[in-house]
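In what follows, chains are A, B, ... by sequence order, proteins preceding strands, each numbered from 1. These figures come from a predicted structure and were not determined experimentally.
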There are 2 protein chains.
Amino acid sequence: MKNEVKYKRSRQRERILALLRSTDLHPTAGWIYDQLKGEFKGLSLSTVYRNLSILLGQGLIARLEYGGTFGRFDGNVSPHYHFICEQCDAVLDLPLPVDLSLNKKVDAATGCQTKFYRLEFYGICDQCQG
Amino acid sequence: MKNEVKYKRSRQRERILALLRSTDLHPTAGWIYDQLKGEFKGLSLSTVYRNLSILLGQGLIARLEYGGTFGRFDGNVSPHYHFICEQCDAVLDLPLPVDLSLNKKVDAATGCQTKFYRLEFYGICDQCQG
DNA sequence: TATAATATTGATAATCGTTCCGATTACCAA
DNA sequence: TTGGTAATCGGAACGATTATCAATATTATA
């Protein structure tokens with residue numbers, strides 16, 4: 001079961017991680033590709049997906065799933081909640097404190113062993129009201 | 001903006017809804033298709049998807065999205081939380097009381113207008129420990 | 001520095017869940 | 001009945017993602 005993979009440096013992967021850490025847009029793979037294809041002549045979309053996959057496995061980024069047909073990525077892996085605007089599809093980080101006691105409540109009530117939880121709010125964002 | 005659609009009865013749609021209400025497995029479209037294709041000779045997978053879509057629009061069922069590549073459906077539309085087992089992929093309903101004050105907290109902190117929220121716990125379920 | 005070993009790349013094909021389409025059928029009101 | 005219009009089936013089409021593979025880039029070692 002030894003599944004050790006030794007990664008070599010990759011300029012593409014380093015830029016993808018830096019880009020994700022520099023924005024709070026929670027972008028899609030396609031957006032990342034569009035941003036970097038000027039910088040890396042001949043960049044392939046599969047390279048973006050491959051490296052997102054590696055970064056996910058390393059726990060350096062997170063993947064969000066919201067109803068839509070595509071995934072979004074987050075360079076902020078510290079626990080926090082999200083708000084999803086149903087009108088403009090923006091994903092916002094919420095400044096709420098994260099309640100860590102919930103895991104224990106679930107475990108006590110069910111016998112399950114909770115590792116983490118996701119909390120997402122849906123509605124209309126600040127910008128879209130008016 | 002008048003988008004009134006008059007639906008005719010459909011035995012397939014009625015069975016899909018009844019099936020979803022009779023189980024807490026949170027099944028996929030494929031599972032529903034497998035269950036009903038014996039009952040409806042020549043049932044089409046697209047019929048299952050179309051009717052799931054209509055039922056969603058009517059608010060009679062809910063669609064869940066969890067990391068995987070496919071959606072799951074829930075015949076229980078009253079607010080409740082879910083636990084997702086990372087080992088067996090089961091989705092369990094949680095017997096926790098739903099906190100309705102969270103919406104207001106978010107709205108107060110952000111200026112957003114929250115309609116609802118989703119709370120999902122991830123870990124190892126009762127069955128899979130041992 | 002030179003070289004061997006191997007991870008990474010870009011291009012493309014393949015996959016998967018889902019939606020769309022056209023021809024036909026079923027339902028319902030008049 | 002009959003006309004109007006959803007609903008159906010089956011398959012093609014779709015979009016996001018993953019797999020394949022020869023060429024290239026990176027690293028470890030000599």
Extract from the structure each pairing of a protein N or O with an N or O of nucleotides 16-18 of chain C at less than 3.5 Å, listing the distance.
from	atom 1	to	atom 2	distance (Å)
dT18(C)	OP1	Arg63(B)	NH2	2.9
dT18(C)	OP1	Gly71(B)	N	2.8
dT18(C)	OP2	Tyr49(B)	OH	2.2
dT18(C)	O5'	Tyr49(B)	OH	3.2

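- Rounded to whole Å, the distance from NZ on Lys37(B) to P on dT8(D) is 18 Å.
- Clustering ILVMFWY residues whenever any of their side-chain heavy atoms sit less than 4.5 angstrom apart, transitively, puts Leu25(B) in a cluster other than the one holding Val77(B).
- Leu64(A) and Ile61(A) end up in different hydrophobic clusters when Ile, Leu, Val, Met, Phe, Trp and Tyr side chains are linked at under 4.5 Å.
- Listed for the Gln129(B) side chain is a donor-acceptor partner under 3.5 Å among the backbone atoms of Gly111(A).
- Atom P of nucleotide dA7(D) and atom CD of Glu14(B) are separated by 11 Å, given to the nearest angstrom.
- Rounded to whole Å, the distance from CZ on Arg15(B) to P on dT8(D) is 14 Å.
- Trp31(A) and Tyr66(A) sit in two unconnected hydrophobic clusters of ILVMFWY residues. Membership requires side-chain heavy atoms under 4.5 Å apart, directly or through other members.
- Comment: Arg63(A) engages Glu65(A) in a salt bridge, judged by a side-chain N to carboxylate O separation of less than 4.0 angstrom.
- Remark: P of dT17(D) and CD1 of Ile54(A) are 16 Å apart, rounded to the nearest angstrom.
- Taking the six-membered ring for Trp and the full ring otherwise, Phe116(A) and Tyr122(B) have centroids separated by under 6.0 Å.
- In this structure, His26(A) and His82(A) have perpendicular ring planes: the angle between them is above 60°, well past the 30° mark.
- For the OP1/OP2 pair of dG10(D) and a distance below 4.0 Å, the side-chain nitrogens and oxygens of Ser44(B) include no atom meeting the criterion.
- Atom CG in Leu55(A) sits about 15 Å away from atom C1' in dA7(C), given to the nearest Å.
- Counted within 6.0 Å of CD on Glu39(B), heavy atoms from surrounding residues, nucleotides or ligands total more than 12; the atom is thus considered enclosed.
- Atoms CG (Asn51(B)) and P (dC20(C)) sit 14 Å apart, rounded to a whole Å.
- By the neighbour-count criterion of 12 heavy atoms within 6.0 Å, atom CD of Gln58(A) is densely surrounded, having more than that number from other residues, nucleotides or ligands.
- Atom-to-atom, NZ of Lys41(B) to C1' of dT8(D) comes out at 14 Å; the value is rounded to the nearest Å.
- With rounding to whole Å, Leu43(B) atom CG is found 17 Å from dT25(C) atom P.
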Worksheet entry | Base-contact (B) and sugar-phosphate-only (S) positions in nucleotides 19-30 of chain D, heavy-atom cut-off under 4.0 Å, - elsewhere | B-----BBS---
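- In this structure, the nucleotide among dA7(D), dT8(C), dT8(D) sitting nearest to the side chain of Arg13(B) is dA7(D).
- Phosphate contact (OP1/OP2 of dT8(C), side-chain N/O of Gln12(A), threshold under 4.0 Å): absent.
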